Amino acid sequence: MTERVYAGTLRREKVGRKVALAGWVQKRRDFGELIFVDLRDRSGICQVVVDRERGASEETVNTAKELRSEFVVRLEGEVVERTEGQKNPKLATGDVEIVATHVEILARADTPPFAVEDDTDAAEELRLKYRYLDLRRPSLTQNMMLRHKVAFAVRDYMNRNGFLEVETPILTKSTPEGARDYLVPSRVHHGTFYALPQSPQIFKQLCMVAGLERYFQIARCFRDEDLRRDRQPEFTQIDVEASFINEEFIYTLIEGLFTEVFPLAGIPVPVPFPRMSWHEAMERFGIDRPDMRFGMELKDVTAVARTIEFEPFRAAATVRAIVVPGGASLSRKRIDDLTEEAKKLGASGLIWVKFDAQHASSIKKFLTDASFDALRQTLRVNENDLALIIAGKELKVLDALGQLRLRVAREQGMIPENRFEFLWVTDFPLFEWDEETQRYFARHHPFTSPAAADIEKLESDPGATMARAYDVVLNGLELGGGSIRINQPEVQARMFRALGITDQEARQRFGFLMEAFRYGAPPHGGVALGLDRMVMLMARAESLRDVIAFPKTARAQDLMSDAPAAVDEKQLDELGIALKKGT
RNA sequence: GGGGCUGUAGUUCAGUUUGGUUAGAACGCCGGCCUGUCACGCCGGAGGUCGCGGGUUCGAGCCCCGUCGGCCCCGCCA
């Protein structure tokens with residue numbers, strides 16, 4: 001039997017070879033006794049010629065006539081160079097074609113509900129229902145291949161660096177706090193539930209207590225929260241933990257990993273990555289994961305604003321601005337829309353100043369020539385720039401302006417394509433104050449170590465305590481984050497107290513971890529990277545759905561299998577579960 | 001939980017403003033012809049639960065109410 005080769009790999013070097021191809025019919029072009037068939041397999045597409053005048057029997061021609069889109073075929077023939085004028089530069093294999101001697105239909109196919117081709121305009125809803133057809137489209141096939149390459153490279157790299165891949169339980173225990181858990185009822189113990197892991201956090205720390213020293217896992221994680229284009233309810237983390245290490249070890253490890261992974265998609269990775277404290281990120285970009293591909297940084301104009309007879313400026317704790325280059329040409333309507341957006345983002349209002357001949361501004365009657373010039377100098381604007389100014393409480397102002405910066409940049413086309421700006425964000429506060437519940441909660445998680453110098457602040461000034469935590473950011477997207485953990489039981493106890501968790505609650509929720517730490521926990525720390533997001537950026541995809549084989553919709557359903565679905569009464573009985581009326 | 005957009009042949013859409021004869025187009029599909037196509041071409045043909053349910057009306061794809069699904073954003077995501 002002739003050896004099968006992949007259709008997309010055929011090039012001029014293969015001319016003269018007898019080969020077999022197997023795959024799906026992309027397209028048939030029928031000229032009677034001459035038939036062209038585009039054959040697709042996962043490697044690509046190659047044109048096949050079935051020609052009565054070039055050795056194809058009548059039977060072979062008749063078989064080729066029967067072919068329709070998505071039929072599965074096996075065929076044999078010879079690789080032949082096309083004559084000049086017959087070559088197709090649009091096809092990677094366009095210099096050659098297969099002159100077929102034999103064609104066999106392995107499986108027939110119904111007409112697909114949409115054409116299997118890259119530039120499909122089929123609705124995503126339809127494509128998700130027939131996901132196996134969607135995945136045949138070369139761009140999705142290639143995304144799956146890229147994802148495999150990334151996962152494979154990660155395993156290889158981690159292995160070379162002495163990390164052991166350890167599987168942790170999927171059926172685990174709910175730890176309230178954090179995201180909503182997916183629950184799995186226990187049949188053996190009615191009324192109790194497993195939770196699917198939000199991350200293997202506690203187990204990987206137990207691996208450190210267990211003395212495995214270096215752990216990693218390509219781990220599925222589950223969070224029952226609403227979806228976004230970059231958020232799926234189940235997703236994959238590259239989960240890493242190591243003992244006897246510090247922050248620098250993690251930075252070097254991950255930078256090294258990225259220098260092997262991102263080039264798989266042609267993306268260069270200059271190391272080391274720049275680093276920025278959380279505080280600086282907030283001040284300059286109004287966000288803890290700044291997109292460094294463009295400027296338009298936030299500027300502090302509080303001092304100048306105080307000189308303006310405009311009450312909101314005088315009353316505000318702080319006044320900040322961004323400068324939109326050439327933004328003076330923005331229409332009044334557009335600026336009004338931005339004002340609306342700013343209000344939705346929590347700003348009390350949006351002040352704008354155009355640095356054009358008219359000095360147009362929403363506060364023109366308060367704006368003297370002197371203050372206009374002072375603003376011009378402080379902001380270092382050019383002619384025809386536009387300043388967008390927000391006054392108010394510091395965090396609200398920074399946050400709203402940071403969001404506005406991103407929207408304006410997107411709409412004004414200020415974000416360069418094909419640039420990849422990596423960044424470490426460091427020195428996070430350990431706690432965040434929650435207005436709603438009037439208490440502190442852990443910004444990262446409750447096992448994050450406070451900075452050595454700040455341990456005493458756990459009791460005296462929790463809000464000022466810095467964490468040994470870090471995030472790795474790419475183009476404004478959080479790729480991952482981690483921390484050096486607490487390994488001293490008494491520090492952990494103080495941490496729980498600062499979080500308002502009683503000893504009893506702590507024992508109930510994390511007792512096994514607390515107990516484990518009494519038996520000698522090495523200093524350790526780690527990081528978790530979003531594999532899906534990494535592949536999404538590498539594939540230049542718009543949505544996580546484009547890099548997950550079988551993703552869920554915005555309402556967390558699988559349109560192909562129809563999950564989630566009702567179950568039999570019998571199944572519920574076995575679990576001791578009765579549904580509430582009306583559901 | 002809130003906001004925006006959206007659902008009409010297999011597919012992508014038009015038709016909804018101003019309710020009115022038989023709901024159109026392109027691609028795809030089916031049959032025929034065709035030896036250099038790769039958006040093949042030419043001739044002929046079939047194909048509709050206007051998401052679903054109810055209401056208003058002499059009459060609803062179009063108006064009203066409800067409901068289901070898809071996408072994006074806010075909240076949420078330690």
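What you see is a predicted model, and the numbers here were worked out from it, not measured in a lab. Here is how names work: the chains are called A, B, and so on, in the same order as the sequence lines, proteins then strands, and each is numbered from 1.
At a cut-off of 3.5 angstrom, counting only N and O atoms as typed in the model, there is no donor on one side facing an acceptor on the other between the side-chain of A:Arg28 and the base of B:C38. One cannot find a donor-acceptor pair under 3.5 Å joining the base of B:C73 and the side-chain atoms of A:Arg407. No donor-acceptor contact under 3.5 Å links the side chain of A:Arg29 to the base of B:G41. If you check distances only, the side chain of A:Arg231 does reach the base of B:C77 with a donor-acceptor pair under 3.5 Å.
Within the nucleic acid shown, A:Thr93 has no heavy atom closer than 4.0 Å to any nucleic acid atom. Backbone-only contact: A:Arg68 has heavy atoms under 4.0 Å from sugar-phosphate atoms and none from a base. Looking at heavy-atom distances under 4.0 Å, A:Asp226 makes contact with a base. At the heavy-atom level, A:Arg229 lies under 4.0 Å from the strands shown only through sugar-phosphate atoms.
Where A:His444 and A:Gln403 meet RNA chain B, the nucleotide closest to each residue was compared, and A:Gln403 sits on the side nearer the 5' end.
Using modelled atom types and a 3.5 Å distance limit, the side chains of A:Arg468 and A:His444 yield no donor-acceptor pair.
Here, B:C64 and B:G19 have their C1' atoms 13 Å apart, quoted to the whole Å.
A:Arg52 has no side-chain polar atom (N or O) that falls below the 4.0 Å cut-off from OP1 or OP2 of B:U35.
Within the model, atoms CG of A:Asp224 and CG of A:Asp181 stand 8.5 Å from one another, a figure rounded to the nearest 0.5 Å.
Exactly one of A:Arg108, A:Arg136, A:Lys27 qualifies for a salt bridge (Lys or Arg N to Asp or Glu O under 4.0 Å) with A:Glu70. That residue is A:Arg136.
Here B:G44 sits opposite B:C30 as a Watson-Crick or G-U wobble pair (both hydrogen-bonding atom distances under 3.5 Å).
Other residues, nucleotides and ligands contribute over 12 non-hydrogen atoms within 6.0 Å of the NZ atom of A:Lys87.
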